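Note sheet for the following structure.
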Amino acid sequence: MTYHPRSEFLRVMTERGFVADCTDFQGLDEALLNGVVPAYIGFDATARSLHVGSLIQIMMLRWLQKTGHRPITLMGGGTTKVGDPSFRADERPLLTPTQIAENIEGIRQVFAAYIDYGDHPTDALMIDNAEWLDGLNYLEFLRDVGRHFSVNRMLSFESVKSRLDRDQSLSFLEFNYMILQAYDFVELNRRYGCRLQMGGSDQWGNIVGGIDLARRLSNAELFGLTSPLLTTADGRKMGKTAEGAIWLNSEMCSPYAFWQFWRNTLDADVGRFLKLYTELPVSECDRLGALEGAEINEAKIILANEVTTLLHGAEAARAAEATAREVFEKGGVGADLPTLELGAEDLGEGISIVQLIVKSGLAKSGKEAKRLIAEKGAKMDDRPLTDPGLMIDAAALASPIKLSAGKKRHALVKLAE
């Protein structure tokens, strides 16, 4: 990028690696210098929490507020009823209004850890697009908005083309999504003065559609800024593990499991992740990312502590680190490990070690648990398990037992009090 931004927000975005593309970098820079710029990112309410894959966008909103501008978190109460087809192989399952409302409430708790909501000029707003989408008159919408969209152009968007190239079905319901998202930008501009939409680079076509629609309908000058779609150094999608998504809500992913995810970062990703997911100075991120050998492990602990502190607080980060050191360095059990509590009704006359491994979340199925044992990857109290038929009864749980899958995943199993 040859243009050097003068606004603090765009300087932070470029220095820390948040920028994939921008519709008008210089124009946006000028707007940011001339006053408070309200900017939004849309989040569909498809689950009760966002996961680590959304954290880059949340950090963009956090930096936007820290540099004197107004974040808008747009909840897709309306668009969730349709489903974003971007880079999906199939249509999303449709949710009920009750499920959507519950999901929005869960996601609200995540945002509150990163940005401040309120009535001051730079305080964040949480808006639900159902506010304007639920009451749309279909014929009026087609006449006033739909006529500005070229089907030829919509078919050229990568998110649509990738589905059609694979001969996968794209329903008319999903095809409407990009029009609705474009209309969101227009309404946010009209109602709240929003001038910037941000999102992952897979949203580029949708963002440009909104900018073009606003220009046609009200001659508004709007901007778009996208972040790169992140993969880890070994090519995996960011936020996904063998065990599933790393959720940002503590009820769905414990602070310890969240901390451990970051502690397990690949060496090659440490510097980049420190820039994107922490607020440490860029020079310090570069220094830590350049460490090698045993020293890079301390950099990973700093990464895990910083990211966990932002989401769950400093005390949760300290507890997670203490548990990790107890488990990994001293061979202990660690009080903060994920814990499975079993009652008398769960145990009966005994429960197989395979079932325990599955119930504790260390394997997804009995088949996977048996393979883990066969490959000598499962341990009980730090001793390798060899017999998948081993039964555990109440006497064996007189004191808690520690189950391990490989070197990095552990859980406690104990009797319910």
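FYI, side chains are in, hydrogens and waters are out, and symmetry mates aren't considered; it's all heavy atoms of this structure. Numbers here are sequence positions counted from 1. Note that the structure is predicted; figures quoted are calculated from it, not measured.
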Once you round to the nearest 0.5 Å, how far does CG of Leu385 lie from CG of Leu356?
-> 10.0 Å

When rounded to the nearest 0.5 Å, the distance separating OG of Ser360 from CD of Gln355 is 11.5 Å

For Val36 against Pro121, the heavy-atom pair lying closest together | CG1-O, 3.8 Å

Which heavy-atom pair separates Arg70 from Asp123 by the least distance, and what is that distance?
-> NE-O, 2.6 Å

Test item: Asn206 side-chain N/O and Met178 main-chain N/O as donor-acceptor pair under 3.5 Å = no

With a 4.5 Å limit on heavy-atom distance, are the side chains of Val354 and Ile357 in contact?
-> no

Nearest heavy-atom pair of Ala45 and Ile104: which atoms, and what distance?
-> CB-CG1, 3.6 Å

To the nearest 0.5 Å, what is the distance between CD1 (Ile41) and CE (Met198)?
-> 4.0 Å

Trp259 vs Ile301 side-chain heavy atoms within contact, under 4.5 Å = yes

Can you find a heavy atom in the side chain of Thr73 that is under 4.5 Å from one in the side chain of Ile115?
-> yes

Apply the test side chain to side chain contact (heavy atoms under 4.5 Å, CB included) to residues Lys300 and Asp267: give CA-CA distance (whole Å), side-chain angles for both, the deciding distance (0.1 Å), then the verdict.
-> CA-CA 8 Å; Lys300 292 178 185 181; Asp267 293 3; 2.6 Å; yes

Between Ile211 and Gly224, which heavy-atom pair has the shortest distance, and what is it?
-> CD1-N, 3.5 Å

So, do Tyr40 and Tyr192 have ring centers that fall under 6.0 Å from each other?
-> no

Nearest heavy-atom neighbours spanning Phe9 and Met60 = CE1-O, 3.7 Å

How about Asp29 and Ser7: does a side-chain donor come under 3.5 Å of a side-chain acceptor?
-> yes

What is the distance from atom CD of Glu8 to atom CE of Met13, rounded to the nearest 0.5 Å?
-> 10.0 Å

Can you run down the salt bridge (charged side-chain N to carboxylate O under 4.0 Å, His left out) pairs that involve residues 108-119, sequence neighbours left out, and say none if there aren't any?
-> Glu105-Arg108

Flag side-chain contact, heavy atom, 4.5 Å: Asp144 against Leu217 = no

N/O donor-acceptor pair under 3.5 Å between Ser49 side chain and Leu248 backbone | yes

Between Asp269 and Thr265, is there a donor-acceptor pair closer than 3.5 Å when you use the side chain of the first and the backbone of the second?
-> no

Polar side chain donor-acceptor pair, Gln99 to Asn103, under 3.5 angstrom | no

Quick check: does any side chain N or O of Gln65 sit under 3.5 Å from a backbone N or O of Thr122, one acting as donor and the other as acceptor?
-> yes

Could you check if a side-chain atom of His4 sits within less than 4.5 angstrom of a side-chain atom of Thr14, using non-hydrogen atoms only?
-> no

Is a side-chain N or O of His51 found less than 3.5 angstrom from the main chain of Gly53, in a donor-acceptor match?
-> yes

CA sep, side-chain torsions, deciding dist, call: Thr96, Ile100, side chain to side chain contact (heavy atoms under 4.5 Å, CB included) | CA-CA 6 Å; Thr96 66; Ile100 292 172; over 6 Å; no

Aromatic ring proximity Trp247/Phe258, centre distance under 6.0 Å = no

Can you check salt bridge (Lys or Arg N to Asp or Glu O under 4.0 Å) on Glu15 and Lys275, steps first, answer last?
-> CA-CA 8 Å; Glu15 287 174 359; Lys275 289 178 189 173; over 6 Å; no

Listed partners of Glu221 passing side chain to side chain contact (heavy atoms under 4.5 Å, CB included), at least two apart | Asp24, Arg195, Phe223

Dump the intermediate steps for salt bridge (Lys or Arg N to Asp or Glu O under 4.0 Å) on Arg318 and Glu315, then the final yes or no.
-> CA-CA 5 Å; Arg318 280 193 294 270; Glu315 186 55 44; 2.9 Å; yes

So, the side chain of Arg11 versus the backbone of Arg6: is there a donor-acceptor pair under 3.5 Å, distance only?
-> yes

If only atom types and distance count, is the side chain of Arg16 paired as donor or acceptor with the main-chain N or O of Thr278 below 3.5 Å?
-> yes

Between Tyr256 and Thr308, do the side chains contain an N or O donor and an N or O acceptor separated by less than 3.5 Å?
-> no

Should Glu251 and Arg48 count as an ion pair when the cut-off is N to O under 4.0 Å?
-> no

Rounded to the nearest 0.5 angstrom, the CD-OG distance for Gln203 and Ser227 is 10.0 Å

Of all heavy-atom pairs linking Val358 and Gly366, the shortest is CG2-N, 3.7 Å

With the side chain counted from C-beta on, respond yes when Leu50 and Phe111 share a heavy-atom pair under 4.5 Å apart, and no when they do not.
-> yes

Quick one: does Asp128's side chain have a donor or acceptor within less than 3.5 Å of a partner on Gly77's backbone?
-> yes

Does any donor atom in the side chain of Thr46 or Asp44 lie under 3.5 Å from an acceptor atom in the other side chain?
-> no

Report yes if some heavy atom in the side chain of Leu303 is under 4.5 Å from a heavy atom in the side chain of Leu288; otherwise report no.
-> no

Looking at Arg325, Arg287, Arg263, which one forms a salt bridge (Lys or Arg N to Asp or Glu O under 4.0 Å) with Glu298?
-> Arg325

Would you check if the side chain of Thr67 reaches a backbone N or O of Leu64 as a donor-acceptor pair within less than 3.5 Å?
-> yes

Where do Leu188 and Trp132 land on the side chain to side chain contact (heavy atoms under 4.5 Å, CB included) test, with the steps shown first?
-> CA-CA 10 Å; Leu188 285 170; Trp132 51 83; 3.7 Å; yes

Would you confirm whether Ser201, through its side chain, and Thr226, through its main-chain N or O, come within 3.5 Å as a donor-acceptor pair?
-> no

Can you find a heavy atom in the side chain of Leu133 that is under 4.5 Å from one in the side chain of Asp184?
-> yes

What distance separates Leu274 CG from Trp262 CH2, expressed to the nearest 0.5 Å?
-> 9.5 Å

Passes salt bridge (Lys or Arg N to Asp or Glu O under 4.0 Å), Glu368 versus Lys364? Steps please.
-> CA-CA 7 Å; Glu368 184 182 324; Lys364 289 182 178 179; over 6 Å; no

Working for side chain to side chain contact (heavy atoms under 4.5 Å, CB included), residues Leu55 and Tyr114 | CA-CA 10 Å; Leu55 194 50; Tyr114 292 93; 3.4 Å; yes

